[in-house]
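What follows is a short report on a single structure.
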Amino acid sequence: EPEVTQTPSHQVTQMGQEVILRCVPISNHLYFYWYRQILGQKVEFLVSFYNNEISEKSEIFDDQFSVERPDGSNFTLKIRSTKLEDSAMYFCASSGTSGRRDEQFFGPGTRLTVL
Amino acid sequence: AQSVTQPDIHITVSEGASLELRCNYSYGATPYLFWYVQSPGQGLQLLLKYFSGDTLVQGIKGFEAEFKRSQSSFNLRKPSVHWSDAAEYFCAVAPGQAGTALIFGKGTTLSVSS
């Protein structure tokens with residue numbers, strides 16, 4: 001069964017450094033998403049991406065963040081100049097069909113720890 | 001603004017007992033509703049979803065949920081809980097078309113006692 005994959009599973013970085021979180025969505029899906037979950041809190045939407053551009057973003061997704069689909073399979077989240085409060089689990093998700101609501105399939109997440 | 005409320009932060013149920021996890025949503029139109037489960041250190045797995053039609057939906061692992069428009073609720077149920085059901089459960093609503101954000105509740109942690 002196709003699944004969303006994410007690498008790395010755990011990333012440790014120093015405050016102020018840049019990190020790139022990687023995701024491989026399900027191959028025929030059209031929509032891609034990033035969510036984050038700070039420890040003990042709810043899952044929060046960051047951004048959605050369709051047709052090589054951002055389709056929706058939350059207030060959390062400020063200039064510190066960027067997303068890219070550098071090739072036909074990967075979807076990345078870049079966090080510039082990381083802060084302590086960026087420590088969280090980051091989930092990538094993808095969904096399939098344009099024009100109708102569809103379930104989002106989530107990857108296993110990348111745990112980001114900022115020291 | 002759309003929102004999802006899960007009133008119970010933590011529930012403990014005896015193994016073999018029935019379970020009901022509550023979820024209420026706030027949304028102007030008929031939403032699309034989901035229940036996800038997250039085991040410790042794991043990602044989010046979809047249990048079931050409601051898009052339209054029959055208001056009682058069946059999911060994986062023996063779970064079901066009932067959409068009640070009059071109560072703005074989408075409660076998750078299971079007739080007999082197994083120890084492996086211990087996890088965190090999230091209700092979510094999708095207010096828009098494809099590509100829009102899922103809005104999650106804060107989650108309910110389920111503990112199963114023997």
Side-chain angles (χ1 to χ4, degrees), chain A residues 1 3-7 9-10 23 25-26 28-61 67 75 89-111, chain B residues 1-10 21 23-25 27 29-53 57-60 65 67 74 87-109:
Chain A
E1 184 175 332
E3 59 182 17
V4 177
T5 60
Q6 291 184 243
T7 55
S9 57
H10 192 184
C23 168
I26 294 173
N28 62 345
H29 280 184
L30 302 174
Y31 294 88
F32 315 112
Y33 313 80
W34 284 102
Y35 292 82
R36 80 172 184 190
Q37 183 184 31
I38 295 172
L39 187 64
Q41 299 186 25
K42 67 177 178 180
V43 179
E44 301 173 291
F45 169 75
L46 293 177
V47 65
S48 60
F49 193 85
Y50 171 73
N51 198 25
N52 284 317
E53 61 183 27
I54 291 173
S55 57
E56 185 181 3
K57 62 181 181 179
S58 73
E59 293 176 350
I60 302 168
F61 193 87
V67 289
F75 179 52
M89 181 75 90
Y90 289 81
F91 292 106
C92 174
S94 68
S95 64
T97 310
S98 69
R100 72 175 180 93
R101 301 174 198 185
D102 210 348
E103 71 175 272
Q104 295 179 21
F105 292 81
F106 283 79
T110 293
R111 179 165 298 285
Chain B
Q2 300 91 1
S3 65
V4 177
T5 301
Q6 293 180 248
D8 305 304
I9 296 172
H10 192 177
L21 301 182
C23 172
N24 293 96
Y25 65 89
Y27 181 60
T30 301
Y32 285 5
L33 295 157
F34 306 83
W35 275 99
Y36 285 86
V37 61
Q38 183 183 32
S39 297
Q42 303 297 311
L44 297 162
Q45 182 183 23
L46 181 70
L47 285 175
L48 46 77
K49 60 189 177 186
Y50 172 77
F51 286 170
S52 65
V57 293
Q58 302 297 320
I60 62 171
F67 170 59
F74 188 57
E88 182 130 25
Y89 292 80
F90 292 95
C91 181
V93 61
Q97 296 297 321
T100 56
L102 281 177
I103 296 169
F104 285 84
K106 291 186 177 181
T108 298
T109 301

Segment of B:Gln38 engaging chain A (4.5 angstrom heavy-atom cut-off): side chain
All heavy atoms of B:Ala101 vs all of A:Glu56, minimum pair found to be N-OE1, 3.0 Å
When the 4.5 angstrom heavy-atom criterion is applied to A:Glu44 and chain B, the contacting part is neither
Considering only heavy atoms, which portion of B:Lys106 lies under 4.5 Å from any heavy atom of chain A: side chain, backbone, both, or neither? both
Does the ring center of A:Tyr50 lie less than 6.0 Å from the ring center of A:Tyr33? no
Counting only non-hydrogen atoms closer than 4.5 Å, does B:Leu46 touch chain A with its backbone (N, CA, C, O), its side chain (CB onward), both, or neither? side chain
Stepwise ring pair (Phe, Tyr, Trp, His ring centres under 6.0 Å) check, A:Phe91 with A:Tyr35: CA-CA 5 Å; A:Phe91 292 106; A:Tyr35 292 82; 8.3 Å; no
Using the six-membered ring wherever Trp is involved, compare the ring planes of B:Tyr36 and B:Phe104 and label them parallel, tilted or perpendicular (cut-offs 30° and 60°). tilted
